[in-house]
Structures are given as C-alpha cells and as structure tokens.
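Step one of this worksheet: look at the structure below.
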Amino acid sequence: MTKSSMHTIRPMPTTLPPNERTQKATDTYTQTPNKYKNGAMRVYLIMIVIIILLVAAIALIIGLSVAGNSSANDVTTVNAVGQISGNVLLSCTFAPDVKQSSDVLWEKVGDTGVVYKYENGKISLSDQNSKYKSRTSLFLNELSVGNATLMISGLTVADSGVYKCTITNSNGKGDNKLSLNVGVSTPGQSEDSNCPEEKRGWNPELQKNGETKVAELARLLRANSANGKKDTQSS
C-alpha cells in the first residue's frame, strides 16, 4: 500500500453553486417582510374588533338611557264620585312639556273605543265610543301646564268604572288609572258616613246591564228620607 492510499479521505465541503446561493438569499429576503406583514394584519384586525365592540357597548348604553327616559313621564290621577245627571271632573296631571304638544288619551277599562283623544295638536274622536259623544271635554288651555283633566257631563250609573289617562310627549309615555263611582244624592243621608259612596247614596246593585232601576231609586230615596226624619225627631 502506498502512502498516498493511506491518507484519510475527507468529505468535500458542501458549498452551493453561486447561482443557488443567490436564490436562497433572495427567498430569505422576500419571506421576512411577509412575516411582518402577517403580524401587522393580525394586530390591525384585532384593533378593528375592539373598536366595533366599544361602539356596540356605547350604543347599548345610549339605548338603555333613552328607554329609561321614555317611561319617566309621571302621570297622577285621583278617584272621583259623581251624581246622576250631573257633571264630574276626572283629574289627570303630568309633568309639563315645553318642547312639544302633549297627546292625551282617555279610555274606560272594559269599553271599546276611546272616551276622549287629543293627538298631534288637535281633537281626534273618530274612534270614540258612541255613549260618550257630546258628553266629554278637555281643558285644552291647561295642557301646557300639565293638566289633562276630563269633564264628563250627563252622568249615568253606567259611567261608573275604571278610567285610564295616558300622556305622550317628549318626556316619554306614562299612564295612570282612577275609579269613578256614580250615584244619587239624597237629603237624608248622614254626613258622618265614612264611605263616600254611602254619602252620595250610590248603590252598585242599581247598575244592572248599564241601566238604572227607577223603582229601586225611588225606594232608596223614600228610605233615606224616612231615616232623615227619624234622626231629626230623635235629636
């Protein structure tokens, strides 16, 4: 074996040809900006999502605030008692609206149609219940100060019941109910009675099918008159 054959064979260095080294460097240069572009795009999308969520949260808060204000119109009513053939005032007050005219709606629970309606600055009675025709009126000049009191004339026992006053304006929409009792006034009725209905001789049994029993009314009047004479003699 010769000396030359005894030398250890060493591997050749793995060097790329000039053209391959140039291509690899070019690929590395072009891929590095793409990585940065992808990262920037993800950050941009995340920011857009956050902005959308913030806008939605603000819109929700504003919507809840508006909804809260829409029910802030405080309407106050007072129960009333009237006499047959007389007039009665159904009280309804609210916070005055200086921005726009207030819409007023009077209804009776259990009746179809409306009792009275004032809408868009004018009286609107196209859907009024026929039994209230020419019997109701509103003090229109009082609406600006928050007074929507309704007057009903020519009362009958059938007018007794629960009425609802609804007010709509820039303050929102609000309503409240009141009770109206209609009866007769008798001279022999005691003024010390704790029951307003008894003071005025109102008897719910007299209201049958919306009609007043004349015979029962006459009997009640005679009984009240006799009781009044007895009280006078005993005193």
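All values derive from a computational prediction rather than experimental measurement.
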Short N-O contact, Asp103 and Lys117, less than 4.0 angstrom: no
Between Ser102 and the options Asp97, Asn169, Asn171, the side chain to side chain donor-acceptor pair (under 3.5 Å) test singles out Asn169
Taken in chain and number order and not counting sequence neighbours, the residues that satisfy side chain to side chain contact (heavy atoms under 4.5 Å, CB included) with Val78 are Ser91
Residue pairs meeting disulfide (SG to SG under 2.5 Å), one or both in residues 96-149, sequence neighbours left out, come to none
Smallest heavy-atom separation, Gln128 atom then Val115 atom, equals NE2-O, 2.8 Å
| query | Taking NZ, NE, NH1 and NH2 as the nitrogens, is one of them in Arg135 or Asp159 under 4.0 Å from a carboxylate oxygen of the other? | reply | yes
Donor-acceptor pairs are to be reported for all side-chain atoms of residues 138-147 against protein atoms at under 3.5 Å, with residues two or more places apart or in another chain.
from, atom 1, to, atom 2, distance (Å)
Asn147, OD1, Thr149, N, 3.1
Asn147, OD1, Thr149, OG1, 2.6

Nearest heavy-atom approach of Trp106 to Leu90 is CZ2-O, 3.5 Å
Applying side chain to side chain contact (heavy atoms under 4.5 Å, CB included) to Leu53 and not counting sequence neighbours gives Val49
Distance col, row Leu105:CG vs Leu150:CG, nearest 0.5 angstrom, shows 10.5 Å
All heavy atoms of Tyr118 vs all of Ile123, minimum pair found to be CD1-N, 3.7 Å
Contacts satisfying disulfide (SG to SG under 2.5 Å) that involve residues 87-181 (not counting sequence neighbours) are Cys92-Cys165
Rounded to the nearest 0.5 Å, the CE atom of Met47 sits from the CZ atom of Arg42 at a distance of 15.5 Å
Taking every heavy atom of Asp175 against every heavy atom of Val75, the minimum-distance pair comes out as N-CG2, 3.8 Å
key: side-chain contact (heavy atoms from CB on, under 4.5 Å) assessment of Lys177 paired with Glu107   = CA-CA 9 Å; Lys177 296 178 181 178; Glu107 300 170 286; over 6 Å; no
Minimal heavy-atom distance between Ala80 and Leu89, with the atoms involved, is CB-O, 4.0 Å
- request: May I have the step-by-step check of side-chain hydrogen bond (donor to acceptor under 3.5 Å, both in side chains) for Thr168 and Glu119, ending in yes or no?
  value: CA-CA 9 Å; Thr168 305; Glu119 190 175 35; over 6 Å; no
In terms of heavy-atom contacts, Lys173 and Asn73 come closest through C-CB, 4.0 Å
Rounded to the nearest 0.5 angstrom, the CG-OG1 distance for Asn176 and Thr76 is 6.5 Å
Sorted by chain and number, sequence neighbours left out, side chain to side chain contact (heavy atoms under 4.5 Å, CB included) with Asn79 holds for Leu178, Ser179
